[in-house]
2 protein chains.
Amino acid sequence: MRAGTAVLTVDAAGMRAQNSGLLLNMIWRERQISRAEIARRTELSPSTVSAIVADLEQAGLVRSIGAGVSRGGRRPTLIGFCDEAFSLVGVELGASHVTVVLTDLRGRVRTQSKASHAVRGDPEGSLQKAKELVQECLDAERVPRRSVVGMGVAVPSPVHPASPGKMSPLILPAWKNVDVKEWFETTFDMPVFVDNDANLGALSECFWGAGSAGEDLTYIKLATGIGAGLIIHGDVYRGAGGTAGEIGHIPVDSNGPLCVCGLRGCLVTLIGSTALTERARELMGTRGRKGPTVRDLVEGARAGDAAAKQIIDGMGAYLGIAVGGLLNLLNPAIIVLGGEISSVGEMLLDPLRASVRQRALSVSMAETRIVTSTLGERAIAVGAATLVLQAALRDRTLFPTQNVGRTA
Amino acid sequence: MRAGTAVLTVDAAGMRAQNSGLLLNMIWRERQISRAEIARRTELSPSTVSAIVADLEQAGLVRSIGAGVSRGGRRPTLIGFCDEAFSLVGVELGASHVTVVLTDLRGRVRTQSKASHAVRGDPEGSLQKAKELVQECLDAERVPRRSVVGMGVAVPSPVHPASPGKMSPLILPAWKNVDVKEWFETTFDMPVFVDNDANLGALSECFWGAGSAGEDLTYIKLATGIGAGLIIHGDVYRGAGGTAGEIGHIPVDSNGPLCVCGLRGCLVTLIGSTALTERARELMGTRGRKGPTVRDLVEGARAGDAAAKQIIDGMGAYLGIAVGGLLNLLNPAIIVLGGEISSVGEMLLDPLRASVRQRALSVSMAETRIVTSTLGERAIAVGAATLVLQAALRDRTLFPTQNVGRTA
DNA sequence: GCGAGTTCGTTCGATTGACGAAGAAATACC
DNA sequence: GGTATTTCTTCGTCAATCGAACGAACTCGC
């Protein structure tokens with residue numbers, strides 16, 4: 001019974017906000033573009049474009065960066081985005097570690113700090129640790145508060161769209177009385193955005209990785225947990241209750257082991273990090289007293305270890321069951337595999353593609369590329385920072401005024 | 001590498017278009033609402049609201065419908081939508097039939113006509129048949145061309161977002177040289193919108209059926225083919241290549257029969273109409289010389305026939321595998337089952353829910369309602385008409401000017 | 001029954017932002 | 001070196017929204 005999107009109404013000021021947001025996005029995307037070119041593409045009048053660009057320049061968001069090539073007349077003055085005018089903070093609360101990055105407006109990491117920590121059962125300690133690390137990053141670069149746009153936080157739990165600071169009581173029961181968003185907001189006095197880790201990995205790939213091409217992307221996080229992040233029409237899709245992309249508990253083997261969720265043969269029990277390392281211990285033997293790690297598995301596979309390859313083959317086969325369903329159901333333009341194990345690249349992609357081919361329509365397959373991430377282990381923390389960037393590029397009032405940061 | 005939605009720029013006229021679109025939507029949704037109430041909700045000034053309402057009244061889209069109850073002062077004049085000011089045409093090209101409906105702007109069917117036809121292999125004949133039926137509907141109600149907003153067409157094939165008139169060469173090879181959109185546009189000289197049948201079933205449910213509540217809905221069409229339609233943020237989601245929702249070829253039984261698509265144990269080979277009637281023939285015996293139909297199965301189940309119930313139980317179990325994955329992956333607010341067989345209601349829902357419970361996270365299940373459609377067999381044709389309505393409510397210039405239709 | 005206070009809707013001048021035409025500056029082409 | 005072209009700015013015009021003020025219609029309390 002609903003019809004159009006509930007867009008907000010517009011008055012004169014809203015009109016300016018909308019147009020200037022559009023220009024800001026275009027300048028950010030194009031990296032350098034002249035006023036004339038903007039006017040042609042947006043179909044805004046040259047005078048309006050000039051006025052808006054002047055606004056944005058005033059705010060320290062864009063600047064002139066010299067002349068472009070002539071098209072048969074006066075040379076255009078190129079406008080560029082001030083990538084380093086502001087900073088973004090990205091926090092990743094992982095299963096067993098906390099990572100913090102400080103990035104510029106182009107996703108480049110200025111500082112990072114990381115600490116091992118058992119996040120799952122210790123909300124207070126984790127948050128305290130995160131606070132220290134953030135402070136460390138801010139101090140390291142002597143970044144004034146004024147130049148920080150906001151903070152993104154990746155959490156290892158689905159978040160409900162209606163209460164983005166609350167963790168799922170089923171996944172992180174110890175966190176039931178904590179509101180992450182609120183806590184960071186009061187601690188650091190800046191805008192805070194919270195989302196699920198896989199969703200932010202997806203956002204990261206969409207902005208900085210393999211997703212440059214389109215606006216429909218699926219990211220699959222292969223780690224302790226298995227989760228997918230969906231980018232639909234350029235935005236993170238969370239589903240009605242925030243649990244979209246929770247593919248870790250899709251049953252893929254009816255004879256598989258019992259999972260904590262109560263079901264049998266869940267994807268995570270077969271290809272989660274724990275399952276992989278256990279299987280590695282069986283096939284590759286113990287390495288030292290603690291047994292092989294995922295890293296050992298990756299290195300083994302690269303070195304040509306038959307057991308490691310066998311494990312990854314099996315992983316691809318199981319994963320293909322879920323990916324096949326995903327392809328048929330969502331038909332994304334690209335699927336990106338992330339997480340440490342994905343660094344084996346083709347060794348995982350080959351068996352995965354073979355498995356998918358047995359399960360997906362050839363039409364869907366033809367339209368979808370399946371690749372591994374090239375962003376490295378900071379992808380999710382950077383994705384958290386990107387959430388802030390995405391919001392600010394849409395609503396430029398999120399950028400602090402009176403910029404005192406560097407404007408290079 | 002993309003950031004914000006590619007919204008169009010706004011000038012003064014665009015501002016008016018946006019605001020008046022918003023008002024039109026609100027009036028349509030609320031059915032009756034006063035200017036003062038609109039102003040409060042939209043935060044537009046009372047004078048602006050009056051001006052826009054006058055515009056819409058001029059265009060014959062809304063009208064005064066008497067006074068409302070006082071809130072302690074002068075009684076408000078309620079504005080209502082002119083549901084019958086214009087007509088919409090909806091065409092369904094099914095696997096074996098062509099259905100045409102003529103509806104008003106509230107989805108009520110004014111006339112309908114239907115004919116059996118082997119659509120699959122005969123594009124020319126099918127289109128000719130559709131043309132006749134459309135003409136029949138228009139003549140029956142003496143609807144002047146002027147008052148028809150446009151035509152929606154449901155096709156039994158995925159359509160690529162880039163070329164919405166072209167059928168998939170793999171699903172409907174005989175249609176490879178036909179552009180359905182173009183054909184109807186030149187034949188009837190009105191705006192034409194084409195989409196996949198399951199997608200339009202979903203739209204129908206979203207507007208007129210069980211989806212009233214939210215904006216995330218999944219519709220599953222259970223017929224000769226099995227397909228899902230996804231409504232995401234209030235819009236049909238087609239995926240990167242237009243094949244989103246093609247769940248019919250998800251393998252659910254590795255020992256199942258070979259499917260035309262080359263895979264084994266596809267959902268459609270197990271619960272498609274053909275599979276159901278064949279199984280019915282085995283268990284229930286032949287009825288007459290042609291064997292039992294889906295209708296016989298429904299009636300049998302209702303009458304308490306054990307074999308029919310057994311078939312539907314099995315169907316629910318298989319379907320649950322796909323629905324479980326869908327729940328974990330997309331987490332829609334509601335899943336609606338459509339198609340003739342869905343009319344058995346709880347008899348199908350019970351085994352389905354049981355099957356899903358073994359495959360989906362309880363969190364996802366808790367947030368999602370699973371129901372059967374109540375819209376009947378015209379749902380998809382009406383959904384096609386609704387596609388036109390949805391477009392016109394967003395862009396009121398699609399409504400013809402000089403309305404000569406009835407304004408009741 | 002009557003006046004005070006509210007609410008609804010309209011009118012009108014002010015404000016704001018985009019547009020268009022005209023002009024100045026800078027460059028390519030002949 | 002002159003002409004045409006392109007870029008960007010300036011300035012007057014126009015359109016849409018807003019806010020304040022007003023008249024109309026109604027409720028409530030006395």
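- For the side-chain hydrogen bond (donor to acceptor under 3.5 Å, both in side chains) test, no residue two or more places apart in sequence or in another chain qualifies with B/K166.
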**OP:** Indicate for each nucleotide in nucleotides 7-19 of chain D, in 5' to 3' sequence, whether protein heavy atoms under 4.0 Å reach the base (B), only the sugar-phosphate (S), or nothing (-).
**Re:** BSBB-----SSBB
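- In summary, contact between chain B and DNA chain C, defined as any nucleotide atom under 4.0 Å from a heavy atom of the protein, begins and ends at C/dG5 to C/dC19 in the 5' to 3' direction.
- A search for side-chain hydrogen bond (donor to acceptor under 3.5 Å, both in side chains) contacts involving B/T103 returns nothing, not counting sequence neighbours.
- The salt bridge (charged side-chain N to carboxylate O under 4.0 Å, His left out) contacts involving residues 65-78 of chain A comprise nothing, where partners must be two or more places apart or lie in separate chains.
- Distance check: B/I79 CD1 to B/I27 CD1 gives 6.5 Å after rounding to the nearest 0.5 Å.
- For residues 41-57 of chain A, every residue pair satisfying the salt bridge (charged side-chain N to carboxylate O under 4.0 Å, His left out) rule, not counting sequence neighbours, is listed here: A/R16-A/D55, A/E30-A/R41, A/E37-A/R41.
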List, with names and distances, any nitrogen or oxygen atoms from the protein found under 3.5 Å away from nitrogen or oxygen atoms belonging to nucleotides 28-30 of chain D.
none

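- Rounded to 10°, the helix from C/dG1-D/dC30 to C/dC30-D/dG1 has 10° between the axis fitted to its first five pairs and the one fitted to its last five.
- By the 30° and 60° cut-offs, the orientation of the rings of A/W28 relative to A/W208 is perpendicular.
- Partner of A/D195 under the side-chain contact (heavy atoms from CB on, under 4.5 Å) criterion, chosen from A/V153, A/L203, A/L387: A/L387.
- Under the rule for a side-chain hydrogen bond (donor to acceptor under 3.5 Å, both in side chains), A/S50 has no partner lying at least two apart in sequence or in another chain.
- Residues forming a ring pair (Phe, Tyr, Trp, His ring centres under 6.0 Å) with A/Y237 (at least two apart in sequence, or on another chain): B/H233.
- Of the residues B/R31, B/R63, B/R108, the one that meets the salt bridge (Lys or Arg N to Asp or Glu O under 4.0 Å) test with B/D83 is B/R108.
- A/T48 is linked by a side-chain contact (heavy atoms from CB on, under 4.5 Å) to A/L44, A/S45, A/I52, counting only residues two or more places apart in sequence or in another chain.
- Under the side-chain hydrogen bond (donor to acceptor under 3.5 Å, both in side chains) criterion, A/D179 pairs with no residue at all, not counting sequence neighbours.
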